[in-house]
Every structure is written in C-alpha cells, then in structure tokens.
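Heads up: numbering here begins at 1 and tracks the sequence.
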Amino acid sequence: MQHIIKYLRACYQTDNRALSLYNFFSSKAEQSLILSDSELLNSALPFYPISENWLDKSLPILSTYSKEKELYTCALFVTADILIVNKKQKIAAPLLLYPSEINYEERGVSLTGKQVIINSPLLQLLKTTEVDLADVLQKLSDVCQGSQLEVEQVHQIRSILSEYFPELDTKELLLYPKTLNKKEFKQKQEEADNPKIWPSVGVCILKKSSSTLGVLNELEELASSNEYSEPLIEFLEGCKPYPENDNKVDSLVPVILSKAQEQIFKAVDRFTSTLIQGPPGTGKSFTISALASNYALHDKSVLVVASNHQALDVIESKISNDFELENVIVRGGADRDSKKSLKSHLRDLLRGVGIDEVEKHELDSVYIQLEDLSKKLDQTETLFKKNSLREEQRGELDATEEKNLLDKLKLIYLNFLLRNKHLWTQASRLEKLSEEKNDTIRKFIRMKSMMWQYATLKNQRKIIKNFHSGIIARTFTRKEEFFDQINFSKLQKPFPIWISSINEVSTMLPLSKDLFDLVIIDEASQTDIASILPVLQRAKKVVICGDSNQLQHISFLSGSKQSYLANNYELKDHEVSTFDFRNLSSLELLNNQLTSQDQTIFLNEHYRSQPSIIEFSNQNFYSNGLAIMTNSPLNEGQQSVQIHPLDGKRVKSGYNKVEVDFIFEKIEKIIENEADLPFEICQSIGVLSPFREQINYIQKRILKEFQSKDIQRHKIVVGTPHSFQGEEKDIMFLSFCLDQKTHPSAFIHLNKEDVFNVSITRARAEQHIVHSLDLNSLNEKHLMTKYLRSISEVNTHSIENNETDQFWEETKEMLTNLGIKTIHSSYIIAGIELDLVFVHKEKCICIDLIGYPGAFSESFPSSYYKILKRAGIDVFPLPYYTWKNNKQVIENQIKDLLK
C-alpha cells in the first residue's frame with residue numbers, strides 16, 4: 001500500500017502547478033498597488049485603508065471573476081535582470097503572496113488568514129547551484145505560515161535565502177518594517193541587474209491558486225506509516241463484505257427526511273464507506289448537514305471537507321440555521337466573517353457570556369419528552385394507516401347497492417371502529433406531533449451543545465483557552481505551539497463539527513488515525529484520488545458525495561508522465577488501471593471499490609429548478625429517475641426555458657457580439673425593474689458560455705457597462721461551466737457562441753455530457769438560451785440539438801390523465817361553489833399521482849379521495865404525506881362514507897382549509 005501512496009503523491013506533485021508572478025506591474029497582476037507601509041502585515045492594522053478609486057475598480061473584478069480571481073497581498077520583492085525562457089527580463093517578483101479580501105464597510109484590505117503562498121517559480125529562477133527546492137520551501141513554509149509578517153520572521157527568511165541563494169542580495173530586508181514606496185520601487189526595478197530582495201508590500205488581483213504543500217507533506221508522512229484507518233484501507237484495497245443489518249437507526253434531526261435520506265443514515269450506520277450520488281438540486285448539502293448534525297448530537301465528531309469553500313459555505317449555513325448548531329462548528333480557512341464569529345464566540349465563552357449550566361437531569365428530561373413524542377407519533381401513524389384502510393373498506397361497502405348480511409355486519413363493525421375518528425383530524429395530529437418533535441429536537445440540540453461547552457469550561461478551561469489563542473495567533477509557529485497543547489478528542493466534545501477545504505485541513509488538524517468518527521467529502525467528482533488520502537486517515541467512517549454526471553476533476557498530468565511514475569513505483573497492471581490519477585475522481589474510485597449496492601444511494605428528489613429547466617437532464621442523464629418536487633399546478637404550462645435565436649456571428653477572436661448585446665439588454669431590464677427592491681430579494685444572475693473567448697469578452701464589457709453596486713446587488717457571475725460547478729442563480733443566460741461556420745470541434749466540446757449537464761442546470765427560475773444557429777442544419781446526435789429541440793416541443797410540464805368518477809365530480813362541484821376555478825385530476829407531483837389538486841391563495845392543495853369504488857379508492861400511505869409536505873403541498877383525506885352521509889361536515893372542513 002505504501003508504494004501506491006508514494007505513486008499518488010508523485011502524481012499529485014507533478015500535476016499541481018504553483019502560482020507564479022514575475023512582474024508585479026505586468027498585466028497578469030491586475031489593479032497592482034504598492035502600499036506606503038507594511039502595517040497590514042506587521043500587526044499594526046487589521047485592515048489597510050485604500051482609495052475610493054482603487055476600490056471602485058477592483059470590487060467589480062472580484063465580484064464578476066469570483067470563481068477565477070482573488071486579491072493577494074504581496075511582500076518581499078526580488079528585482080533582477082534575469083533570463084526567462086531564453087530572454088532577458090527585468091523582474092519585480094514577490095516572494096510571498098497572502099490571500100486577501102476587501103472589507104467593504106471599512107473601505108480597506110484585510111488578510112483572509114488562508115495559508116500564505118510562496119512564489120516557488122521565483123526560487124527556481126534564482127537557483128544557480130544544485131539547491132534542493134523542496135527543502136527550501138519547507139523551511140520557508142515553517143517560518144512564513146500565518147496571517148502576518150513580523151520582523152522576526154523576515155530575519156529568519158533572510159537567513160534561509162542567504163544560505164541557499166548566496167548570489168541574492170538580502171541586506172535590504174534589515175530595513176523591514178520600513179518599506180519602499182511605489183516611486184522608489186519602480187526605480188529599483190529599472191536599475192535591477194543582479195538579484196536583490198526588497199522590503200516592499202503591495203496588493204493586486206491574480207488568478208486563484210490552491211495551496212498544495214500541506215497535502216504533499218501529509219502524503220509523505222502516510223507513505224512512511226504502517227497504520228492506516230479503515231476508510232483509507234477500503235479506498236486503496238477495496239471494501240470488505242458486510243453482513244446484513246436491519247437495525248433501526250436513531251436519527252435526531254428536526255426535519256422530515258426522504259426515503260433515500262433515511263437509507264443513507266442506515267448505510268452510514270452499517271458500512272465504513274458510503275457513497276452518495278446527488279444530482280443538481282436534490283438536497284445533497286442538506287443531507288450532509290443532517291448527517292453531521294445527527295452525529296454531533298450523539299456525541300460523535302464530524303469533519304466535512306470539499307475542494308472549494310462555496311460548497312462548504314452552504315453546508316455551514318444549513319447546520320447553523322436549519323439545525324441550530326451555530327456555536328459548535330469550527331471552520332478552517334473560512335472567510336473573515338466566519339472567523340470573526342468563531343473568535344467572538346470563544347472569547348465570550350471564556351468570559352462566561354451567553355453560557356449557562358445545563359445539568360444532566362434537565363437534558364434527560366427533554367430526551368424523555370422526545371422519546372414520548374416519538375412513541376405518540378408512531379402510534380398515531382399506525383392508527384392512521386389502519387383507519388385509512390378501514391375507510392377504504394367502509395366506502396366500498398357503502399357504495400354497494402345490494403349488500404348481503406355479511407356486508408351489512410362488516411359495515412356496522414367498521415362504523416363502530418371509526419366512530420368520531422376523522423382521518424383529517426388524525427392527519428392534522430400527525431403533522432402537529434411531527435412539528436412538536438422537531439421543536440423538541442432543536443431544544444435538545446441547544447441544551448446539549450451548551451452542556452458540552454459549560455462542562456469543558458468548568459473542568460478543562462485551558463483547552464478552550466489554548467484553542468482561542470491558537471485561532472487568534474498571528475503566526476503559524478505560535479498557532480502550532482497552542483495547538484500542540486490541545487487534546488483534540490476533548491475539544492471535539494464542545495466543538496463536534498469541523499469544516500475545511502481539503503487543502504487546508506493540515507493547517508488546523510493533526511494527521512492522526514481515526515481522529516473523527518465520521519468524515520464527509522463533498523463535491524468528490526472534482527477531487528483527485530491523492531489529496532483525500534490524508535483526510536481518510538483521520539476517519540473512522542467516511543461518506544463521499546458527488547455526481548458522476550457533473551464535471552470531473554481536471555488533471556494536467558500527461559499520460560506518458562503517469563506511465564513513467566507508475567513504472568518508477570513498480571505498480572502492477574491492475575494497480576495502474578485502478579489508480580488512474582488522470583481520469584478517475586475520488587467519487588469514481590470509491591464507487592469501483594464498493595462491494596455492496598447498499599453502500600451507494602441516489603438522491604432522487606429535485607427541489608431547485610422549475611420543471612422545464614431540469615427536464616432535459618432528468619431524461620438524458622438520470623434516466624427519468626428524479627422526482628421533480630417543483631412540479632405543480634402553480635407552474636402549470638410555464639416555460640421557464642426560453643430560446644432566443646439570433647443572427648450573430650462568431651468573429652475570428654472567438655466571441656459573438658450580437659449574443660452579448662442581447663444578454664446585456666435583458667440584464668439591464670432586470671436591474672431597472674428591481675432598482676427599488678431590497679438588496680436581499682434582488683434576483684441573482686449568471687452568464688455562462690462554454691468558450692473562454694466569449695467569457696473574456698463578456699467580463700470586460702460588464703466591468704465597463706454595469707455599475708459596481710448592480711453587479712453586487714444581483715450577484716452577477718460570468719464564467720464557463722467549470723466556473724459554475726456547485727453554483728446556482730435565479731436567472732441564467734447561456735450564450736453558446738456558435739454559428740453556421742463554427743468549426744465542428746466546438747460542437748464536440750459541447751457534446752461532453754458532464755459539461756453540458758452542468759451548463760443547463762444552474763438556474764432556479766429562468767433560463768435563457770441565446771444562439772446563432774439554424775436548428776435544421778445541426779447534427780441530430782449532438783446534445784445541443786436534442787436540447788434545443790426538446791425546449792421547442794415542450795409547452796406544458798403537467799402530467800394529467802383527466803380520469804374522474806362520480807365522487808370526484810361531486811367534490812369538484814363543491815369546490816367550484818366555494819370559488820375554486822381550476823381543479824386537476826390524476827395530477828402527478830413528486831412522482832405521486834394525486835386524485836384531485838387545486839391552487840388557492842398561491843398554495844397547492846391535494847384531496848385524497850378514499851373508499852369510492854374505482855380509480856381513487858385507495859388511500860395515500862402516510863409516507864406520501866411526508867413527501868408532499870416536503871414539496872410544499874397540503875393533503876386533505878376525504879372518505880367517501882362521510883361525504884355520502886354527512887356532506888356538511890366535509891364542507892365545513894374544506895372551508896376551514898381555504899381560510
């Protein structure tokens with residue numbers, strides 16, 4: 001197994017390219033600005049005030065290119081006249097780059113606290129002898145990691161550089177924290193000859209780069225280890241067989257779970273490794289949040305990771321808001337607001353603010369209430385099922401004109417059993433008990449989390465104190481000093497849920513086997529098979545989530561280089577195919593290693609988009625396996641996808657101006673129509689094109705033609721499908737940027753299923769397709785041809801067979817007399833055929849007709865009530881016997897329902 005880990009580490013190292021910047025004043029560094037002093041880095045200021053002019057130019061760029069570009073603070077610049085690709089160039093290259101952000105309220109720049117990036121290509125340029133760059137980078141990383149640059153650190157950096165790069169003049173670093181201003185620095189660059197490093201600080205916008213050093217170090221540590229966690233063993237060697245298990249899982253989540261979500265809870269309880277396939281909008285983040293919350297409430301620890309912070313933001317929000325576990329989450333590498341919240345909470349805990357003692361008997365009392373409610377809920381549900389079947393029998397018997405003696409006796413007996421037992425009362429009681437149980441779970445959550453934290457403060461206050469000190473430490477060295485004193489297993493009691501990007505796990509947690517009871521890896525289709533190995537080592541159990549029909553991870557590792565590495569580490573033939581770093585994501589590898597079909601669960605309820613937006617993907621990529629929860633009479637006949645054929649041309653440089661003009665006109669109207677709306681309810685807007693040239697053209701024009709405030713109000717994002725993975729917007733514009741003369745290779749790119757699927761599933765409410773093609777001339781087999789034609793052919797998304805009977809017609813007549821205009825028969829919502837559906841006051845209501853012989857005789861199982869509740873639909877059970885014998889009671893109930 002060690003040789004596999006070494007091989008994967010080599011693949012990962014070869015594949016990841018470091019961020020490089022040779023000239024701070026080149027076009028590569030946008031909005032470059034030399035700061036007048038070093039106060040942002042030397043602890044003097046939490047943020048650095050910046051001119052209004054610079055902010056007004058920078059904010060739109062960072063907002064529009066949010067997936068691709070980031071603000072960096074650059075420090076310690078090397079100037080030289082040096083040979084780069086056989087050409088002499090004058091460089092002004094920063095040694096250190098700190099990911100930063102704009103503090104809009106303070107009108108300044110602050111550091112995010114993410115891991116500092118060392119400009120390793122610069123060191124490669126400076127190398128004149130056989131220097132071990134890995135050794136240099138490790139030493140610099142040990143000194144530089146942290147969110148500030150103190151004088152002591154600069155002296156250490158100078159010492160390291162002097163040792164490994166003797167021709168580099170480092171004496172100017174002794175002036176730090178004094179720095180060069182812009183004029184001085186530009187002069188030094190122009191005069192540059194031999195390499196010299198200067199104490200200067202600046203900010204600029206660059207393309208994003210991920211930090212890989214921590215992953216590489218941990219992979220190296222794993223390769224020399226002999227003890228591995230069960231999830232890591234299963235990931236590399238295959239899952240072991242598991243015995244059958246029918247145990248009931250004790251889940252404590254204050255929400256209604258779908259059948260698939262309940263299966264996930266059972267699978268996680270039974271297996272070491274579980275795989276969740278979550279198509280767009282099917283509640284994958286919600287499921288992850290429910291799992292994490294449930295584990296935390298059972299005194300177990302959870303680590304949630306993903307390759308990007310956006311997915312983690314959604315999960316953190318759901319755990320904090322939906323499950324009320326805000327103060328028990330530790331977020332690593334998060335944005336400024338999340339860090340500030342954690343620091344403030346820890347500070348308040350240490351001061352005794354907002355924390356009260358919760359004694360065990362109080363918690364036990366609430367748990368007893370919870371058990372009692374669960375028992376009542378089960379009993380009520382059982383009785384509801386029995387009485388529903390009895391109403392079916394009673395209605396059919398009562399509808400029989402010629403009853404024999406046995407029928408009459410049965411009817412008398414059923415009347416006795418059902419006396420004063422109305423199904424709608426029992427259904428209402430089921431709903432109220434479910435809400436009461438969920439409220440009690442939330443109460444239990446709040447009390448238990450407070451008990452954890454109070455007990456830790458009382459008995460082991462130093463753990464919280466060291467954790468707080470480590471979180472606020474300005475240098476990585478100081479952070480490590482505090483963290484080394486912490487027993488993380490004890491810290492996981494008051495803080496059971498930890499969230500981090502994969503690349504940043506090493507900066508906040510030790511590489512310890514079985515550190516967490518459960519590790520959840522999100523967006524795994526975009527994660528390579530090497531970087532998650534250290535994460536798996538920290539797990540007792542693992543859940544890997546993603547969608548094999550969405551974009552896969554991108555590898556720049558060549559096939560020949562991968563073959564060379566496989567030979568170098570002596571991989572066998574079957575190992576070469578199993579651990580195909582270039583072509584397999586971690587999601588696919590785990591799927592190949594599973595032994596039981598029960599280990600993989602497909603989330604099938606789609607909640608995000610209007611039916612017409614998700615319809616094509618459901619048919620072509622998910623075999624019609626999605627239950628579209630948004631389908632209802634509320635959007636009857638609504639076409640949320642609109643095609644806009646134009647007479648545009650794709651110019652030689654690769655963009656289509658006519659399509660962009662049309663999109664901008666539409667966006668301008670949205671901005672104008674919503675100018676007076678509050679910021680938080682303005683519709684978000686996305687513009688997607690499969691082609692980079694079109695995206696570049698759109699982004700440049702947006703910055704020129706739209707105001708910064710409008711870009712931010714509508715959260716306008718422009719990008720390729722890769723930019724939109726995991727993203728969703730209220731309104732999406734898709735510019736295909738193709739015309740009749742476009743080279744066939746462009747269509748081949750669009751015909752990739754993962755690219756196309758992501759492209760057409762980002763919208764919630766509206767999707768606008770802009771193209772410059774003649775549909776009749778397109779290849780019939782291309783996905784885009786099928787997609788455009790499917791939209792043209794669709795007029796409505798309802799599925800209704802219009803079957804009725806006497807009972808249905810009588811019910812319709814009553815509803816019509818009560819003012820209901822449109823009533824549907826046999827309408828399918830969430831995969832369930834509903835007897836009678838109507839809309840009242842923008843609310844969809846279903847009536848379950850029970851007992852009259854015919855198509856509508858059978859009652860809904862109680863599970864249907866839960867499914868329809870998740871879809872936002874109320875169900876009223878209407879027994880035929882009561883209708884026939886006491887219409888006034890029914891009419892009064894319906895009137896109450898319509899209030």
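Ring orientation note: the planes of Phe271 and Tyr242 are nearly perpendicular, at an angle over 60° on the 30°/60° scale.
Distance alone, capped at 3.5 Å, is enough to place a donor-acceptor pair between the Gln599 side chain and the Ser596 backbone. Under a 3.5 Å cut-off, the side chain of Asn308 and the backbone N or O of Ala311 do form a donor-acceptor pair. Using a distance-only test at 3.5 Å, with no hydrogens or angles considered, no donor-acceptor pair links the side chain of Ser586 to the main chain of Ile529. Remark: side-chain polar atoms of Arg270 are paired, donor with acceptor, to backbone N or O of Pro243 under 3.5 angstrom. A side-chain donor-acceptor contact under 3.5 Å links Glu362 to the backbone of Glu359. Looking only at distances, no side-chain donor or acceptor of Ser531 sits under 3.5 Å from a matching main-chain atom of Thr527. Between the Arg870 side chain and the Glu605 main chain, no donor and acceptor come within less than 3.5 Å of each other. Side-chain N or O atoms of Ser301 include none that pairs as donor or acceptor with a backbone N or O of Gln492 at under 3.5 Å.
Residues Phe495 and Phe467 bring their aromatic ring centres within 6.0 Å. Ring-centre distance between Phe516 and Phe488: not below the 6.0 Å cut-off. The distance between the ring centers of Tyr72 and Tyr98 does not fall below 6.0 angstrom.
For NZ of Lys443, the number of neighbouring non-hydrogen atoms (other residues, nucleotides, ligands) closer than 6.0 Å is 12 at most. Within 6.0 Å of CD on Gln2 lie more than 12 heavy atoms contributed by other residues, nucleotides or ligands.
A donor and an acceptor atom, one from each side chain of Glu101 and Thr112, are nowhere located under 3.5 Å apart.
When the options Lys540, Lys493, Lys541, Lys300 are evaluated for a salt bridge (Lys or Arg N to Asp or Glu O under 4.0 Å) with Asp517, the one that passes is Lys540.
Checked for salt-bridge contact, Glu728 and Arg608 meet the test: a charged N lies under 4.0 Å from a carboxylate O.
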